[in-house]
Structure formats: C-alpha cells, structure tokens
Amino acid sequence: FKFPKDRKVTKGLISALKQEIARNFPLDENKGLSINYNERNDTLVVTVENDVKGNISQKTLLKSPEFQAAIERGDIPIALGIDEKGKPIIGNLTDYVHVLLAGQTGAGKSARLGSIVSSLLAQSPDNVRLMVVDPKRVEFSFLKGDPHLIGDVVTESSDAVDRLKYLVNEQENRYQI
C-alpha cells in the first residue's frame, strides 16, 4: 500500500490494519501476519506466511541467472533461498564482515553451512579457495581431494590452530602488497 505524503503512518494504524486483514481473510490463527512500514518510499509491506511449504533445490539456485550474474560481476555469491515471489535470493560474501550461524538443535545450521559451501564450490577454484575445519569429522568429509581446498580438511584442534596461524600470516602478507 502506498500512502500519500500528508497521511501519517502510526503504530495504531498498522495495528488496526492488521486486525482488519485478520478479520476479513480466512487466516489460521497460527499463521504469521506482519505489516511493516517502509519510510523510504511510504509503503506498507503486508506479509502473510505461506501454508504451502516446498523444497528449494540448491542446484536450481546455483544455476539461476542471478547467481551466474553475480559470478560474472566478480562477487562471491551465496545462494540463500527464494523470496515470496520465487525469485532467488543471492548474497555476496564480500558484503558480510562476519557470518554467525546459531540456533537450536535441528534448526538447520549444518544445512545452511552446507549451502554456503556448495555456493562457493560452484565457482572456479582459481577464484575461491577454502580451508575447512571439521572437528565433528563428518560434516565435510565429502570435500576430500576437492581442488578448492588449501590442504586437507582439518579434524584435529591442534592442527586447526596451526592452519589459522598460516591464514593470519597470509593475510598480513597480502596487506603489505
């Protein structure tokens, strides 16, 4: 919804709209309904959670024109999923200073990390190199011998410390170039 400049959008208005939508549409009481105001373009974004859940193929995302265009631009793309219209959401790893994956058991942390790694592996080893630490010894065993790897997958904590020191030294050397 687009609002005229002279109409003030308040929390009360948003709350009233949410109640009106809930009354007039057959929404399940557990379904997520959210209304957010975007001040930049004076719009309200109404989101209703979809009843229909579906699987998203990682291969489809990696082969998408959006992902391929990101590679062509020199980004380090990460396939994150699809938006409410079914359009791929592609992040650029260089935009993220840090990445933290957190959540309860079964929330999908390993699956998300796997999708990030597969996004990186979809690129040329000339452009992306990985050093992987896998203390569980099961998550990334499939990477053994992959040309993207710098050395073997590290499974011992003591080896991880040495590898991280190597990476710090490499980073320092690159800063001096």
Side-chain angles (χ1 to χ4, degrees), residues 1-3 9 11 13-134 136 138-144 146-149 153:
F1 302 104
K2 185 127 174 104
F3 279 86
V9 177
K11 288 183 181 181
L13 174 64
I14 292 174
S15 179
L17 285 171
K18 188 172 182 177
Q19 289 173 2
E20 185 71 19
I21 290 170
R23 261 195 312 274
N24 289 298
F25 291 94
L27 298 177
D28 181 312
E29 63 187 57
N30 295 323
K31 182 181 284 192
L33 170 63
S34 68
I35 301 177
N36 297 298
Y37 176 60
N38 183 336
E39 292 181 22
R40 276 187 286 156
N41 57 11
D42 289 318
T43 57
L44 283 181
V45 178
V46 179
T47 306
V48 180
E49 185 179 312
N50 191 350
D51 280 338
V52 181
K53 306 282 188 220
N55 292 329
I56 303 167
S57 162
Q58 183 75 3
K59 183 177 182 179
T60 301
L61 294 173
L62 298 179
K63 298 285 184 190
S64 72
E66 293 85 353
F67 190 87
Q68 297 304 315
I71 290 174
E72 292 296 320
R73 284 192 306 270
D75 293 350
I76 302 177
I78 301 172
L80 298 173
I82 59 172
D83 65 14
E84 63 276 357
K85 295 178 183 172
K87 182 180 173 199
I89 300 171
I90 308 298
N92 182 359
L93 187 61
T94 61
D95 291 340
Y96 308 122
V97 177
H98 302 285
V99 177
L100 172 66
L101 296 176
Q104 64 189 21
T105 301
K109 297 178 298 294
S110 293
R112 170 56 63 204
L113 189 56
S115 73
I116 291 171
V117 170
S118 69
S119 294
L120 297 173
L121 295 177
Q123 299 170 65
S124 167
D126 295 334
N127 297 333
V128 175
R129 302 295 310 266
L130 302 173
M131 184 174 291
V132 177
V133 178
D134 183 14
K136 290 183 181 178
V138 294
E139 299 288 339
F140 296 106
S141 58
F142 71 91
L143 288 174
K144 184 174 181 158
D146 190 282
H148 291 84
L149 287 183
V153 174

**Request:** Answer yes or no: is there an ion pair linking K85 with D83, defined by an N-O contact shorter than 4.0 Å?
**Result:**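 The answer is no: the pair does not qualify as a salt bridge.
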Given side chains that start at C-beta, do those of [X] and [Y] come closer than 4.5 Å, heavy atoms only?
X: D75; Y: D95; answer: no
X: Q123; Y: P77; answer: yes
X: D146; Y: V153; answer: no

First locate atom [atom1] of [X], then atom [atom2] of [Y], and finally report the distance between them rounded to the nearest 0.5 Å.
X: L130; Y: L143; atom1: CG; atom2: CG; value: 7.5 Å
X: L149; Y: R129; atom1: CG; atom2: CZ; value: 8.0 Å
X: L61; Y: L80; atom1: CG; atom2: CG; value: 9.0 Å
X: I78; Y: I89; atom1: CD1; atom2: CD1; value: 13.0 Å

**Request:** Just do the side-chain contact (heavy atoms from CB on, under 4.5 Å) check on L93 and L120 with the steps written out, would you?
**Result:** CA-CA 9 Å; L93 187 61; L120 297 173; 4.1 Å; yes
Taking all heavy atoms of [X] and all of [Y], pick out the closest pair and write down the distance.
X: R112; Y: L101; answer: CG-CD2, 3.6 Å
X: A122; Y: I71; answer: O-CD1, 4.4 Å
X: S124; Y: H148; answer: C-NE2, 3.8 Å
X: S141; Y: D134; answer: N-OD2, 4.0 Å

**Prompt:** Of all residues at least two apart in sequence or in a different chain, which pass the side chain to side chain donor-acceptor pair (under 3.5 Å) check with S118?
**Reply:**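 For S118, the residues satisfying side chain to side chain donor-acceptor pair (under 3.5 Å) (neighbours in sequence not counted) are Q58.
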**Request:** Could you tell me whether a side-chain N or O of Q68 sits under 3.5 Å from a main-chain N or O of L62, the two making a donor and an acceptor?
**Result:**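 Here the side-chain-to-backbone pair exists.
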**Prompt:** Within a radius of less than 6.0 Å around NZ of K109, do more than 12 heavy atoms belonging to other residues, nucleotides or ligands occur?
**Reply:**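 Enclosed.
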